[in-house]
Amino acid sequence: MILDLPLILETRRNHALEHATIHMLSAKYPDRHLAGHSNPTGFFILGNVTIEDLKDAISEALTRLRAGESELAIHAGCGTNFATTTLLAGSMAWFPLSGVKSMRRRLWLLPFAVAFGVLGFVLSQPLGPILQAKVTTEADMGNLQVEEIMPLRKRGVAVHRVITRN
């Protein structure tokens, strides 16, 4: 299956570990804004945390994912949720207006477009986390190991690069 191809699977595992790490850090620092970005070689954590706290969070996240806490791979702030909402709501709002050339007819159909957009928004709410669980993350860590954690920037918002090996 395409989701199990090496670069894709590595990205999905790193994405799951990134989410789980953010869950651990958010529990310790509920008032801090944290973000992340994953790729096949690891992930970035953006937010004011110390490298020691990050190491502890990654270790706990990896342990808990390996213990079967797959829900840690899902995060409400994930871009998958935002993309799902945008694409579904936007596509459904566009549908009633597609192919309509008359401005009068478009204005008449506008309430339907808004209603379809709202329906798309509502339908996307459970769909984003499902897509995370089935497509964009992989909670089974396999042989994933953390190789290195590097602080990249100390001024402003801290950025840490986490390098993994699968």
Side-chain angles (χ1 to χ4, degrees), residues 1-92 117 120-166:
M1 179 175 191
I2 194 167
L3 296 176
D4 294 327
L5 291 173
L7 293 176
I8 295 171
L9 182 59
E10 291 160 3
T11 302
R12 293 173 65 222
R13 283 181 172 153
N14 287 327
H15 195 191
L17 182 56
E18 170 215 320
H19 283 178
T21 300
I22 290 174
H23 280 299
M24 301 304 111
L25 290 168
S26 294
K28 184 169 184 168
Y29 300 110
D31 58 332
R32 295 198 187 164
H33 297 286
L34 302 168
H37 172 75
S38 300
N39 59 46
T41 60
F43 57 94
F44 294 86
I45 295 292
L46 294 79
N48 291 319
V49 297
T50 66
I51 196 162
E52 293 79 21
D53 285 341
L54 180 57
K55 285 179 183 179
D56 291 344
I58 291 169
S59 178
E60 182 179 356
L62 198 50
T63 299
R64 290 175 65 179
L65 284 168
R66 287 201 166 114
E69 293 186 54
S70 60
E71 68 279 0
L72 293 173
I74 310 305
H75 197 281
C78 180
T80 301
N81 293 342
F82 302 138
T84 302
T85 299
T86 302
L87 289 170
L88 192 56
S91 296
M92 288 187 70
F121 174 82
V122 170
L123 292 174
S124 73
Q125 299 310 294
L127 189 57
I130 291 169
L131 285 173
Q132 281 185 69
K134 304 279 186 196
V135 178
T136 65
T137 68
E138 174 54 66
D140 177 358
M141 293 288 100
N143 294 323
L144 185 137
Q145 295 177 17
V146 175
E147 293 284 308
E148 187 176 2
I149 302 170
M150 302 180 315
L152 298 179
R153 187 170 60 165
K154 294 181 181 175
R155 295 182 192 154
V157 175
V159 177
H160 291 89
R161 171 76 169 125
V162 179
I163 298 173
T164 62
R165 181 170 44 94
N166 281 274

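Note that these values count all heavy atoms, side chains included, but never hydrogens, waters or copies made by symmetry.
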Heavy-atom pair with the smallest gap, counting every atom of Leu72 and His23: O-CD2, 3.1 Å
OH/Tyr29: more than 12 non-hydrogen atoms of other groups inside 6.0 Å: yes
Pairwise distance CG(Leu54) to CD1(Ile22) - rounded to 0.5 angstrom: 10.0 Å
Approximate separation, where rounding is to 0.5 Å, of Thr63 OG1 and Glu69 CD: 10.0 Å
Side-chain (Glu138) to main-chain (Asp140) donor-acceptor, under 3.5 angstrom: yes
Check: Arg12 and Val135 side chains under 4.5 Å, non-hydrogen atoms: no
Pairwise distance CG(Leu17) to OG1(Thr21) - rounded to 0.5 angstrom: 4.0 Å
Within-4.5 Å side-chain heavy-atom neighbours: His160 and Val49: yes
Heavy-atom side-chain proximity of Leu25 to Arg32 below 4.5 angstrom: no
Heavy-atom neighbours of Leu5 CG exceed 12 at 6.0 Å: yes
Distance, nearest 0.5 Å, that separates CG of Leu87 from CZ of Phe82: 13.5 Å
Non-hydrogen atoms of Ser26 and Leu34 that approach each other most closely: OG-CD1, 3.8 Å
Sole candidate of Thr164, Asn166, Thr137, Ile8 that passes side-chain contact (heavy atoms from CB on, under 4.5 Å) when paired with Arg13: Asn166
For Thr80 against Gly128, the heavy-atom pair lying closest together: CG2-O, 3.9 Å
CG/Asn143: more than 12 non-hydrogen atoms of other groups inside 6.0 Å: no
Which atom of Phe43 lies closest to which atom of Arg161, heavy atoms considered: N-NH1, 3.1 Å
Shortest non-hydrogen contact from Ala20 toward Leu65: CB-CD1, 3.7 Å
Distance in Å, Lys55 NZ paired with Ile149 CD1, rounded so as to fall on 0.5 Å steps: 6.0 Å
Verdict with reasoning, His19 to His15, per ring-ring contact (aromatic ring centres under 6.0 Å, His included): CA-CA 6 Å; His19 283 178; His15 195 191; 4.3 Å; yes
Any donor-acceptor N/O pair, Asn81 side chain to His75 backbone, under 3.5 Å: yes
From CD1 (Ile51) to CD1 (Ile45), nearest 0.5 Å: 12.0 Å
Heavy-atom pair of closest approach, residues Asn14 and Leu144: OD1-CD1, 3.3 Å
